[in-house]
Amino acid sequence: MTILVTGARGNVGRRVLDRLHAAGHDLRASGRTPGDLTVPDGVETAELDLTRPAGFDAALNGVDSVFLYAEPDGAKDLFEAAARAGVRHVVLLSSATVSGPAAATDPLALHHAAVEDALAASGVPGTVLRPGAFAGNALGWSHTIGAGQPVRLPYPDAHTAPVHEDDIADVAAAVLGDASSAGRTLTFSGPRSMTFREQLAVIGGLLGRDVPVHELTRDEAADEMGRFMPAPVLASLLDQWAAAVGRPAEVHDVTALTGRPARTFEQWAREHLDAFTART
């Protein structure tokens, strides 16, 4: 049984690959430029570019299960190729925004929902993973904190329940090894709701200094963040954060899925503390 791990250079994909390799699975790792992939011994590599459907059949040949990031481009063609190849299980990394209160209009939710819908329509058995906000999003503050500057942030009192990428990978690896999970949608998060201000306080506590926050207005945030983020995605994020001010995030514990307690944000911050240390 060969498992194809797409996006094998990604923050989650590489972790999934490592776990499956340690468990002794036959693996194939894919990316747009497979020559750039660094994989464990014995792992095959293949080219898979979602904008080039002509390569799908070769990448999926002999594959039983697939781990896939939600990307609408090429999704329909990819699932059709998976059906032709006899793939028996797709594990799709989607997002908890799909079940959020603004899912019908939220660009981020619609992005992920389009891939979920394509998978459902294809007839290929699938399991959908809907994690909440990634703990790793905090790395977006690393340069500012490392430079000793205030973190410029809209809605610092918005709540999320940040999930550690290792927990996401644990869930994905467990599900990929269990075809009986096909047909399920699994929503999960980190172990507790935290505001952005609280997350910054955790990082500051580990650094042994305060991390000041400069609260931006929505217009200021749209101007600053819009320089490196598409407008619809930014509007979606700002809407989510505005709605989450003073409203603790729902917590969906991963323990039942992984068999171990969820990793905390404090643990994540400790593991990544070097990213936030002062630049010299």
Side-chain angles (χ1 to χ4, degrees), residues 1-21 25-34 37 39 43-99 108-131 134 163 165 167-188 257:
M1 176 180 85
T2 297
I3 300 175
L4 173 66
V5 177
T6 71
R9 295 178 66 187
N11 211 9
V12 175
R14 179 57 201 237
R15 287 171 162 86
V16 172
L17 188 72
D18 288 344
R19 282 159 172 74
L20 295 173
H21 181 259
H25 292 283
D26 293 329
L27 299 171
R28 183 178 301 160
S30 72
R32 289 185 176 183
T33 53
L37 295 174
V39 299
V43 174
E44 301 175 12
T45 59
E47 180 180 350
L48 181 63
D49 183 340
L50 291 175
T51 66
R52 299 176 61 187
F56 291 172
D57 288 336
L60 291 163
N61 183 43
V63 167
D64 185 80
S65 301
V66 177
F67 172 75
L68 179 70
Y69 287 83
E71 175 51 59
D73 291 343
K76 181 176 180 293
D77 290 334
L78 180 66
F79 294 139
E80 289 176 352
R84 289 195 300 271
V87 170
R88 296 191 296 171
H89 190 199
V90 171
V91 175
L92 176 66
L93 181 60
S94 185
S95 166
T97 58
V98 177
S99 54
L108 286 175
L110 293 171
H111 173 102
H112 291 88
V115 186
E116 291 190 16
D117 291 345
L119 175 58
S122 73
V124 178
T127 304
V128 175
L129 309 184
R130 290 180 179 171
F134 287 21
V163 59
E165 290 83 354
D167 281 334
I168 300 172
D170 283 346
V171 173
V175 169
L176 281 161
D178 178 16
S180 67
S181 69
R184 299 178 66 191
T185 296
L186 306 175
T187 300
F188 55 96
L257 303 174

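Only a predicted model underlies this, so the values are computations on that prediction, with no experimental measurement involved.
- With contacts defined as side-chain heavy-atom distances shorter than 4.5 Å, the pair Val128/Val98 does not qualify.
- A side chain to side chain contact (heavy atoms under 4.5 Å, CB included) with His21 is found for exactly one of Ile3, Leu27, Val16, Asp26, namely Leu27.
- The two residues Thr45 and Arg28 have their closest heavy-atom pair at C-CG, 4.4 Å.
- By the side-chain contact (heavy atoms from CB on, under 4.5 Å) test, Asp73 is found to be paired with Glu71, residues two or more places apart in sequence or in another chain being considered.
- Distance check: Leu129 CG to Leu92 CG gives 7.5 Å after rounding to the nearest 0.5 Å.
- Counting only heavy atoms from C-beta outward, the side chains of Phe134 and Val12 approach each other to under 4.5 Å.
- Of all non-hydrogen atoms in Leu20 and Val5, the two that sit nearest each other are CD1-CG2, 4.0 Å.
- In this structure, CG on Asp49 lies 11.0 Å from CG on Leu78, to the nearest 0.5 angstrom.
- The shortest non-hydrogen separation linking Leu119 to Val124 is CD1-O, 3.7 Å.
- Arg9 contributes atom CZ, which lies 5.5 Å from atom OG1 of Thr33 (distance to the nearest 0.5 angstrom).
- With a 4.5 Å cut-off on side-chain heavy atoms, Val115 and Tyr69 do not count as touching.
- Around the CZ atom of Arg84, the shell of radius 6.0 Å holds more than 12 heavy atoms that belong to other residues, nucleotides or ligands.
- At a threshold of 4.5 Å between non-hydrogen side-chain atoms, the residues Asp167 and Phe188 do not count as touching.
- Heavy atoms only, all atoms of each residue included: Leu4 and Ala59 are closest at CD2-O, 4.1 Å.
- Closest approach of Leu60 and Ala82 over heavy atoms only: CD1-N, 3.6 Å.
- For the side chain to side chain donor-acceptor pair (under 3.5 Å) test with Ser94, the passing option among His111, His112, Glu116 is Glu116; the others fail.
- Between Leu37 and Ser30, every side-chain heavy-atom pair lies at or beyond the 4.5 Å cut-off.
- Between the CD1 atom of Ile168 and the CG atom of Asn11 there is a distance of 8.5 Å, given to the nearest 0.5 Å.
- Remark: side-chain polar atoms of Ser95 are not paired, donor with acceptor, to backbone N or O of Arg130 under 3.5 angstrom.
- With values rounded to the nearest 0.5 angstrom, Arg15 atom CZ is found 10.0 Å from Asp170 atom CG.
- The shortest heavy-atom contact between Phe56 and Gly74 is CE1-O, 3.7 Å.
- The line from CZ of Arg88 to CE of Met1 is 7.5 Å long, rounded to the nearest 0.5 Å.
- Thr127 contributes a side-chain N or O that, together with a main-chain N or O of Ser181, makes up a donor-acceptor pair within less than 3.5 Å.
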